[in-house]
Amino acid sequence: MTPITEVEGRRLALSNLEKVLHPATGTTKGEVLHYYATVADAILTHLRDRPLSFLRYPDGPDGQLFFTKNPPPGTPDWVEVAEVPRSSRETGEQVVVQDLASLMWAANLVVEFHTPQWKTIRPAWADRMVFDLDPGAPATVVECCDVALWLRERLAADGLDAYAKTSGSKGLHLLVPLEPTPSEDVSAYAKGLAVEAEAELGELVVHRMARALRPGKVFVDHSQNAAAKTTATPYTLRARAEPTVSAPVTWDEVEGCESPDDLVLRLGDIAGRIELYGDLLAPLADPSAAGTLP
């Protein structure tokens, strides 16, 4: 029998709690749901008011993975759904996770959470900018950290503050809080910085996606600033053999990174880090911390 749990007055059927979702550690679905309940305050800060895209992995990372923007069949009527643009010509409905009950309902689907850089109230006006630093082997997150430090300094020269999080995979994400700005302007600025990074750090950086260019270099992916693109939401688990999390890190950790293992953060690490640091990405949700593009 599927257990029924009440969350903030909403009844949820939480299924298959003993199912192993992350085989390298034997992490079960029940443990995943407990994780999201534990970090709810932090992740909800970055989910609220943003249309959600799901990468579902109901049978773990070795099973079928599928990406969807549409509200899943059976979405409860108390889960917020917003009509948002999908392209210049069409719109579509997407889930917006606003509270703990909606978070736990979504987590029960077994998903990665992905969100754009804008909110539903003002589509295609970004209130954050992102750089996805993706290493091409044999480069690792260690080289990503070198690039992140250069970008941090360069952004500061333009009066912009940058914050770092792990991708939960191989790389690093840099996030910058902004006054709401048209996504196309943010994209143009981010691309300019990626091109500049390649000019300054040519042996280390590439700004184009072509895989032939990427071995041993860090791809500075600026494309996720496009209005139609999304990025792994802070604190989301990733669909990997281990329960790795896309989690914020301090700049001291970035500067001190000497091995890829130094910046691997797992499900069991996050509650303690929040207790120690709070939400290191809280400035992204603070209007007084928002910068303006030059």
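Only heavy atoms go into these numbers, but all of them, side chains included; no hydrogens, no water, no symmetry mates. Note that the coordinates shown come from a computational prediction; the quantities given were computed from them, not determined experimentally.
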Identify whether the distance between the nearest side-chain nitrogen and carboxylate oxygen of [X] and [Y] falls below 4.0 Å.
X: Arg273; Y: Glu253; answer: yes
X: Glu112; Y: Arg238; answer: yes
X: Glu255; Y: Arg152; answer: yes
X: Arg50; Y: Asp127; answer: yes
X: Lys29; Y: Glu18; answer: no

Do [X] and [Y] come within less than 4.5 Å of each other through their side chains, counting heavy atoms only?
X: Asn108; Y: Val110; value: no
X: Leu160; Y: Tyr189; value: yes
X: Tyr235; Y: Ile270; value: yes
X: Leu178; Y: Leu293; value: yes
X: Ser246; Y: Pro234; value: no
X: Cys145; Y: Leu172; value: yes
X: His114; Y: Phe67; value: yes
X: Leu175; Y: Met129; value: no

Exercise for the section: Please report the shortest heavy-atom distance between Val141 and Pro260, naming the atom on each side. Expected result: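 Of all heavy-atom pairs spanning Val141 and Pro260, the closest is CG1-CA, 3.6 Å.
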Practice task
Please assess Val249 against Tyr163 for the test side-chain contact (heavy atoms from CB on, under 4.5 Å), listing each intermediate value before the final yes or no.
Solution key: CA-CA 8 Å; Val249 291; Tyr163 302 87; over 6 Å; no
From [atom1] ([X]) to [atom2] ([Y]), nearest 0.5 Å:
X: Thr166; Y: Asp262; atom1: OG1; atom2: CG; result: 12.5 Å
X: His46; Y: Leu284; atom1: NE2; atom2: CG; result: 6.0 Å
X: Leu47; Y: Asp99; atom1: CG; atom2: CG; result: 11.0 Å
X: Gln224; Y: Ser183; atom1: CD; atom2: OG; result: 13.0 Å

Problem - Parallel, tilted or perpendicular, as decided by the 30° and 60° cut-offs, for the rings of Phe54 and Phe113 - result: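 Rings of Phe113 and Phe54: tilted, 30 to 60°.
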Practice task
Take Trp150 and Arg154, measure what side-chain contact (heavy atoms from CB on, under 4.5 Å) needs, and give me the verdict at the end.
Solution key: CA-CA 6 Å; Trp150 184 92; Arg154 178 62 185 82; 3.9 Å; yes
Exercise for the section: Evaluate the side-chain contact (heavy atoms from CB on, under 4.5 Å) criterion for residues Val95 and Trp105: first the C-alpha distance (whole Å), next the side-chain angles of each, then the deciding distance (0.1 Å), finally the verdict. Expected result: CA-CA 11 Å; Val95 166; Trp105 164 79; 4.0 Å; yes
When you compare the side chains of [X] and [Y], does any donor N or O come within less than 3.5 Å of an acceptor on the partner?
X: Asp59; Y: Gln64; value: no
X: Ser223; Y: Asp221; value: yes
X: Glu83; Y: Thr91; value: yes
X: Ser288; Y: Asp286; value: yes
X: Arg240; Y: Ser169; value: yes
X: Asn225; Y: Gln117; value: no
X: Thr233; Y: Thr115; value: yes

Around atom [atom1] of [X], are there more than 12 heavy atoms from other residues, nucleotides or ligands closer than 6.0 Å?
X: Glu6; atom1: CD; value: yes
X: Asp185; atom1: CG; value: yes
X: Ile121; atom1: CD1; value: no
X: Glu184; atom1: CD; value: no
X: Glu90; atom1: CD; value: yes

Handout entry: Verdict with supporting geometry, Val186 and Trp125, side-chain contact (heavy atoms from CB on, under 4.5 Å)
Key = CA-CA 9 Å; Val186 179; Trp125 280 70; over 6 Å; no
[X] with [Y], same ILVMFWY side-chain cluster at under 4.5 Å:
X: Val264; Y: Leu237; answer: no
X: Tyr36; Y: Ile274; answer: yes
X: Leu52; Y: Val79; answer: yes

Handout entry: Reference residue His207; test side-chain hydrogen bond (donor to acceptor under 3.5 Å, both in side chains); the match among Glu198, His222, Lys191
Key =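 So, applying the side-chain hydrogen bond (donor to acceptor under 3.5 Å, both in side chains) to His207 and each of Glu198, His222, Lys191, only Glu198 qualifies.
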